[in-house]
Amino acid sequence: MRVSNLFGTTRRSVPGDDLASHQFLLRAGFLQQLATGLYSLLPLGWRTEQKIRAILREEMNAIGGQELFMPVVQPADIWQKSGRWNSIDQVLLRFQDRRGRDMALALSHEEVVADLTAANVSSYRDLPRIVYQIQTKFRDEARARGGLLRTREFSMKDAYSLDRDQAGLQSAYVAHFRAYFKIAARAGIPVAAVLSDVGVMGGHLAHEFIYLNDAGEDTLVFCDTCGYAANQEVAETQLPEPETEKEGELEEVATPGAVTVAELSAFLKVDPSRVAKSVAFMAEVERGQPARMVLALVPGPAEVNLARLRSATGAVELRPATSDEIVRAGGVPGYMSPRGLAAEAATVVVDETLGRRRNLVTGANREGWHLRNFNIARDCQQVKITRLAAAENGDPCSNCGSPLRIRRGIEYGNIFQLGTDYSTSLGALYDDEAGEQQPVVMGSYGIGVGRLFACIAEEHHDERGLTLPLAVAPFAVALISVGQEEAVGQLAEASYQQLCDAGIEVLFDDRVASPGVKFADADLRGMPLRITVSPRSLQAGGAEFKRRLGEARIVARKSILEEVKAELEDLRRQEVDRVQTQMAPVEALIAQTFTGGA
RNA sequence: CGGGGCGUGGUGCAGGGGUAGCACGCCACUUUUGGGAAGUGGAGGUCGGCGGUUCAAAUCCGCCCGCCCCGACCA
């Protein structure tokens with residue numbers, strides 16, 4: 001491809017304060033935004049996308065996946081059968097066709113797979129199977145953000161395993177677990193697998209595949225000692241031993257102006273963890289029903305884990321209460337507590353850690369006053385005690401007690417053990433050897449292609465632009481001619497032809513432009529190998545070779561082709577080595593993750 | 001959905017009641033050619049939309065739309 005013929009231009013500047021990598025993708029002419037959460041991939045971006053897709057296909061095929069293709073526009077009835085028509089709200093985009101039939105844009109394809117399975121699987125002899133596709137999904141996100149990280153329309157590689165029993169599912173799950181590490185390694189990003197919430201997918205066991213990065217939206221919990229890794233939403237921590245200290249007498253203490261946990265603990269000179277913090281939420285238990293107040297009590301430094309609060313209360317909708325709502329329920333903002341609050345005013349849920357502590361500090365529900373020697377069992381009636389606090393940095397690992405570490409990351413893939421919910425509701429049954437009908441046991445396995453793309457760009461850029469691995473770079477070689485000298489033009493053209501003929505992907509900057517512009521654009525686009533033909537290089541005997549992340553050297557004009565081949569072969573070998581290195585610990589990890597568990 | 005910000009040539013921005021500007025890009029010619037060249041000449045904008053105030057609105061007011069950020073939300 002000649003730059004003079006390329007659709008899409010580089011830009012000197014773009015607005016916004018996105019991730020640096022996303023700005024480079026925009027500036028290099030890989031992407032262009034159409035509207036919130038909707039992006040076009042320009043030719044350069046599309047080439048990279050296709051290389052990522054090729055890796056996905058190869059690794060899915062390698063575990064026995066069969067590619068197919070399912071509609072994005074789907075009739076409501078399969079979503080009604082699975083129950084998700086009602087259980088998912090606004091992210092599922094609904095509309096009607098001309099006949100007034102309810103339709104939806106697929107945000108995932110479990111229903112269709114179950115429907116296909118019902119029609120195509122009838123015997124245990126038809127199992128196991130793995131099918132997958134790379135297809136558009138649409139999720140009408142409340143707020144798209146972060147460039148490619150959270151878009152509304154996006155491509156996903158989604159795979160589905162069909163098995164006759166849990167043992168079969170388990171082995172498909174492990175195969176995907178391994179394949180996802182391989183994909184990350186080939187795409188050139190580090191990856192961590194963490195236990196995750198099953199969310200609206202339903203099912204039992206789930207893992208997320210995370211690219212660790214401070215800009216990520218997800219909060220992960222790691223134990224460096226035993227290897228425990230989980231999304232904060234589901235991370236377990238060790239409970240403290242129940243305290244046996246004598247219960248003191250409940251007393252009010254004046255705490256003027258001490259509204260936050262920090263102020264309060266400083267004022268009363270108690271450890272913040274001994275403060276029972278009350279956080280008020282409004283919970284909608286059934287869609288459309290009036291919200292009820294839920295008071296969550298957690299240790300002072302802790303955050304409320306919304307996933308747990310949701311499951312503890314059965315809420316479908318959960319949001320922080322406003323001051324007005326707190327007052328209306330009879331609470332005093334800043335001094336809130338379950339004490340002195342009418343039982344019918346709010347549901348109270350207490351973190352189990354607090355249940356094991358004695359003589360805590362909590363609000364008095366009176367402006368300027370708190371309570372001392374507060375003991376849950378004695379001083380609160382009608383409370384539900386459960387795990388509620390999100391794991392914090394330094395909390396003891398539930399496995400081994402070592403301090404946990406909190407990190408941020410970007411989730412680009414996930415795997416779910418779905419079980420039989422979808423197959424049962426959509427009639428995906430098979431006959432076993434005894435002729436008994438059984439539901440097919442399903443798993444579902446997604447990778448967001450755009451997110452993976454974004455993660456790759458984030459991992460591979462420097463101050464000048466992208467530095468993509470050969471495996472995903474839109475072109476292997478950036479060829480640049482400098483100046484208008486005839487000899488330069490001749491060698492550049494000849495090299496371009498020669499390389500193209502050899503099947504090497506070359507982006508030839510044949511424009512009449514100053515060298516600075518060409519070098520800057522080549523750096524921005526990030527092709528792994530740059531070849532410059534210039535009066536200076538001719539003087540030195542040929543062309544200049546420079547890796548995007550390496551030093552320049554002169555190559556004789558007669559050996560350009562073979563040297564390019566050697567360079568690319570070397571880059572390829574480095575990437576293979578890197579994949580091997582990255583995969584080395586994975587088997588041990590799999591053994592550790594799946595023995596005795598799940 | 002709450003809070004904040006921004007919509008002005010292709011891109012990035014300034015202007016803030018009276019002639020619509022700058023830089024980059026683009027077109028033509030000339031000179032240049034190893035890190036985003038120089039000169040000369042040119043093209044390109046119903047100032048997001050609708051309504052209002054005014055002799056006069058890009059500018060003031062109202063409503064709407066779009067985009068961005070924070071939060072809520074989130075396979």
Side-chain angles (χ1 to χ4, degrees), chain A residues 8-18 22-23 26-27 29 32-38 84 87-92 106-110 137-147 149-152 154 156-158 196-203 206-210 217-218 231 233 281-282 284 306-307 310 315-324 411-416 418 444-448 451 464-465 480-485 488-489 509 511-524 530 532-540 543-544 546 552 554:
Chain A
T9 181
T10 55
R11 291 181 200 291
R12 212 181 275 239
S13 57
V14 289
D17 50 343
D18 300 302
H22 186 246
Q23 296 212 12
L26 294 171
R27 284 185 50 202
Q32 190 165 318
Q33 183 173 8
L34 176 64
T36 301
L38 302 175
R84 293 207 289 184
S87 66
I88 297 181
D89 53 273
Q90 303 210 49
V91 282
L92 182 66
L107 51 71
S108 179
H109 282 75
E110 281 75 17
K137 309 283 183 231
F138 191 91
R139 294 179 190 173
D140 202 356
E141 298 284 354
R143 186 182 159 213
R145 68 179 110 187
L149 291 182
R150 178 173 295 281
T151 56
R152 293 190 295 165
F154 58 98
M156 172 174 273
K157 184 289 299 169
D158 47 327
S196 75
D197 188 29
V198 294
V200 303
M201 297 301 306
H207 282 87
E208 287 171 349
F209 289 79
I210 303 287
E217 296 185 310
D218 288 273
N231 192 305
E233 291 175 355
F281 294 86
M282 297 304 288
E284 209 177 292
L306 292 177
R310 193 169 290 122
V316 287
E317 196 67 42
L318 203 59
R319 61 171 174 82
T322 64
S323 299
D324 280 356
E411 173 206 353
Y412 67 86
N414 47 37
I415 59 179
F416 293 89
L418 297 178
S444 118
Y445 314 87
I447 286 183
R451 277 200 187 173
R464 288 205 298 268
I480 290 177
S481 63
V482 172
Q484 297 303 300
E485 254 179 56
V488 167
D509 198 339
R511 294 173 299 176
V512 180
S514 70
V517 170
K518 295 188 179 188
F519 290 137
D521 280 356
D523 287 343
L524 191 54
R530 187 183 81 191
T532 308
V533 181
S534 67
R536 186 195 290 182
S537 78
L538 288 180
Q539 197 80 47
E544 178 197 87
K546 182 180 179 304
I554 293 292

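Computation of the quantities below employed the complete heavy-atom set of this structure, encompassing side-chain atoms and omitting hydrogens, waters and symmetry-equivalent molecules. Chain letters run A, B, ... following the sequence lines, proteins first, then strands; residues in each count from 1. No experiment lies behind these values; they were computed from the predicted model shown.
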Query - Whole-angstrom distance between G2(B) and G62(B), as gauged at atom C1' - result: 22 Å
Counting primed atoms, P, OP1 and OP2 as sugar-phosphate and everything else as base, the B/S/- map of nucleotides 35-41 of chain B against protein heavy atoms under 4.0 Å is BBS----
> Reckon Ile480(A) touches a base, only the sugar-phosphate, or nothing at all at heavy-atom distances under 4.0 Å?
Replying inline: nothing
With a non-hydrogen cut-off below 4.0 angstrom, is Thr9(A) in contact with a base, only sugar-phosphate, or nothing? nothing
Paired to U40(B) by Watson-Crick or G-U wobble criteria (both distances under 3.5 Å) is A28(B)
Re A56(B): Watson-Crick or G-U wobble partner, both distances kept under 3.5 Å, found to be none
Under a 3.5 Å distance rule, please check whether Arg27(A) uses its side chain to pair with a backbone N or O of Arg11(A) as donor and acceptor.
yes
> Using the C1' atom in both, what is the distance from G35(B) to G21(B), to the nearest Å?
Replying inline: 31 Å
Looking at Arg511(A) and Asp521(A), does any basic side-chain N land under 4.0 Å from a carboxylate oxygen? yes
Paired to G51(B) by Watson-Crick or G-U wobble criteria (both distances under 3.5 Å) is C61(B)
*What interatomic distance, in whole Å, is found between P of C70(B) and the corresponding atom of A37(B)?*
35 Å
In Watson-Crick or G-U wobble terms, with both distances under 3.5 Å, the base opposite G21(B) is C13(B)
Practice problem: Tell me what Gln33(A) touches on the nucleic acid: a base, only sugar-phosphate, or nothing, going by heavy atoms under 4.0 Å. | Solution: sugar-phosphate
The Watson-Crick or G-U wobble partner of C1(B), with both key distances under 3.5 Å, is G71(B)
For a quick check of understanding: with a heavy-atom distance under 4.0 Å over all strands, which category does Thr36(A) fall into, base, sugar-phosphate or nothing?
sugar-phosphate
When you compare G18(B) with C64(B), how far apart are their P atoms, in angstrom units rounded to a whole number? 28 Å
Rounded P spacing from A20(B) to G48(B) in Å: 16 Å
Could you measure between the two P atoms, the one in C22(B) and the one in U31(B), and give it in whole Å?
28 Å
G34(B) -> Watson-Crick or G-U wobble partner, both distances under 3.5 Å, gives none
query = Mind checking the P distance from G36(B) to A43(B)? Whole angstroms is fine.
reply = 30 Å
Quiz item: How would you label the contact of Gln90(A) with the nucleic acid (heavy atoms, under 4.0 Å): base, sugar-phosphate, or nothing?
Solution: nothing
*Using a heavy-atom cut-off of under 4.0 Å over every strand shown, decide if Ala35(A) touches base, sugar-phosphate, or nothing.*
sugar-phosphate
